[in-house]
There are 2 protein chains.
Amino acid sequence: MAKKTHMVICRLSRYLSILQIQRAEDKKYLFSHILASLAHVTPAQVRRDLMMVGANGIPARGYEIANLVRHIEKVLYASHEHRLALVGVGNLGRAILSYLPGRMTNLVLAAAFDTNPSKTGKLLHGVRCFSLDRLDEIVKREAIDIAILTVPAAVAQDVTDRLVQNGIRGLLNFTAVALRVPRKIHVEDLDVVVSLEKIAYLVREKA
Amino acid sequence: MAKKTHMVICRLSRYLSILQIQRAEDKKYLFSHILASLAHVTPAQVRRDLMMVGANGIPARGYEIANLVRHIEKVLYASHEHRLALVGVGNLGRAILSYLPGRMTNLVLAAAFDTNPSKTGKLLHGVRCFSLDRLDEIVKREAIDIAILTVPAAVAQDVTDRLVQNGIRGLLNFTAVALRVPRKIHVEDLDVVVSLEKIAYLVREKA
DNA sequence: TAGATTGTTAATCGATTAACAATC
DNA sequence: TAGATTGTTAATCGATTAACAATC
């Protein structure tokens, strides 16, 4: 299967939520141009994305929704469970902890880490919080393979190194730091300030 | 000036923070390949980005840091102030409110909105929180042109419509909803779940 | 000058778009 | 069949990479 870019994954995720609504309304088939208008993309884009995941439509009838959902879920959702850790239970970390549960399929928040003793040992939104000292031990024990990094910038690289050493393979980085990781590790940067600066830039340009 | 993509803006932002550290260490000039290694990109990439913002280097000496900072800031930071509103002071909204102040240049958080009466009227991290009923009035009065959307998915489109009607021109969308907006409005989607699903997908693919 | 840098140019790669033929 | 859809193909566009000439 070909590589999927962020945009494709993002669109597939969007299609899926639309399809589930359509299915709830007892529709069996859906035309690509209907799906396209609901997801705000072009019909051709929809068809290409769906071909990519291996789903075929029928001319004059469209795509079978149940079939489509199955195909998209196969690509989007892990066949096996991924186990996640959140490192850094500050304001942002807590917000993510409260937001995620129930919104993911086959992605399990298995642990949270923080240095603050007032947080460790507690259960936060159903997730056990451990001391950062125990990172190595817990990451291995819980077979965690993806981490969400919401620590202060100053310690971001150190924490990353420890995570990588203990077998982490994917990283969602909320810090503004350019993390240095081995090639095999996938890092996704998500900086709110950068996004806002980009929006401000585009707003000025379009004016 | 040509269009700048998200990646360019992201890199420029990264260069800037590195340059400011270098300047603090009293360095006057910096070679592109040094900057490149610090930002984890190729030297050619750095040079292209810097040419794009109109900065010129000197062979055998490199780029003058002060000059460079000026050029990047000119592109990255607004010449005039942008005023932001945050709509939806839930867990995520609060986290963003606490995170942003002091991290932005020429971007001012002018107001927050929520329906919950226990939050309205208060000052949250230095930002006044208003009732959602007063959205139209306040957005106009405060000349807000960019909004951060952290409301529940169910009301996202409604709130967006009201924001657009009152002159918002850029939108950072944290909801999973595909917002329908006029062409002139720039929407940036930032969905944590989608990012995690992408990471999980890439982790599986690389395995 | 020699060496290491810079800016420039053409080539590559990926994703998107547009035009077309095939299908029910 | 006719009409509206689908899959396929070639063309376009943008960003990145690689190779080169110019500069201090």
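Predicted, not measured: the structure shown is a model, and the values here were computed from it. A note on names: the letters A, B, ... follow the listed sequences, proteins ahead of strands, and every chain is numbered from 1. For the numbers below, each heavy atom of this structure counts, side chains included, while hydrogens, waters and symmetry mates do not.
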Quiz item: Taking CE from Met7(B) and P from dA15(C), how many angstroms apart are they, rounded to a whole number?
Solution: 14 Å
Self-check item: OP1 or OP2 of dT6(D) under 4.0 Å from side-chain N/O of Arg47(A)
Solution: yes
Quiz prompt | Contact under 4.0 Å: Asn56(B) side-chain N or O vs dG7(C) OP1/OP2 | solution = yes
Exercise. Could you tell me whether Tyr29(B) contacts a base, only the sugar-phosphate backbone, or nothing, with contacts defined as non-hydrogen atoms closer than 4.0 Å?
Key: nothing
Exercise. Tell me which of Pro59(A) and Gln45(A) sits closer to the 5' end of DNA chain C, going by the nucleotide each one is nearest to.
Key: Gln45(A)
Quiz prompt | Position toward the 5' end of DNA chain D (nearest nucleotide), Arg61(A) or Met51(A) | solution = Arg61(A)
Quiz item: Would you call the rings of Phe31(A) and His33(A) parallel, tilted or perpendicular if under 30° counts as parallel and over 60° as perpendicular?
Solution: parallel
Practice problem: Would you please say whether a donor-acceptor pair under 3.5 Å links the side chains of Gln165(B) and Arg162(B)? | Solution: no
Practice problem: Would you indicate whether the side-chain heavy atoms of Leu19(A) and Tyr63(A) approach each other to under 4.5 Å? | Solution: no
Quiz item: Between dG14(D) atom P and Met52(B) atom CE, what is the distance in whole Å?
Solution: 11 Å
Practice problem: Mind calculating the distance between CZ (Arg48(A)) and P (dA19(C)) to the nearest angstrom? | Solution: 14 Å
Quiz item: For dT16(C), does either OP1 or OP2 sit under 4.0 Å from a side-chain N or O belonging to Arg11(A)?
Solution: yes
Quiz item: Across all strands, who's sitting opposite dC20(D) as a Watson-Crick or G-U wobble pair, both distances under 3.5 Å?
Solution: dG7(C)
Quiz item: How close or far is atom C1' of dG7(C) from atom CG of Asp49(B), stated in whole angstroms?
Solution: 14 Å
Exercise. With the side chain counted from C-beta on, respond yes when Glu64(B) and Arg70(B) share a heavy-atom pair under 4.5 Å apart, and no when they do not.
Key: no
Quiz item: Would you say dT5(D) has OP1 or OP2 under 4.0 Å from some side-chain N or O of Ser32(A)?
Solution: no
Self-check item: Length of the CG-P vector between Leu30(B) and dT5(C), whole Å
Solution: 12 Å
Quiz item: With distance as the sole criterion, is a donor-acceptor pair present between the side chains of Gln45(B) and Arg48(B) under 3.5 Å?
Solution: yes
Exercise. Please state how far atom NE2 in His33(A) lies from atom C1' in dG7(D), giving the value in whole angstrom units.
Key: 17 Å
Exercise. Whole angstrom is fine here: how far is it from CD1 in Ile58(B) over to P in dT6(C)?
Key: 10 Å
Self-check item: Rounded interatomic separation in angstrom, taking OH from Tyr63(A) and P from dC24(C)
Solution: 14 Å
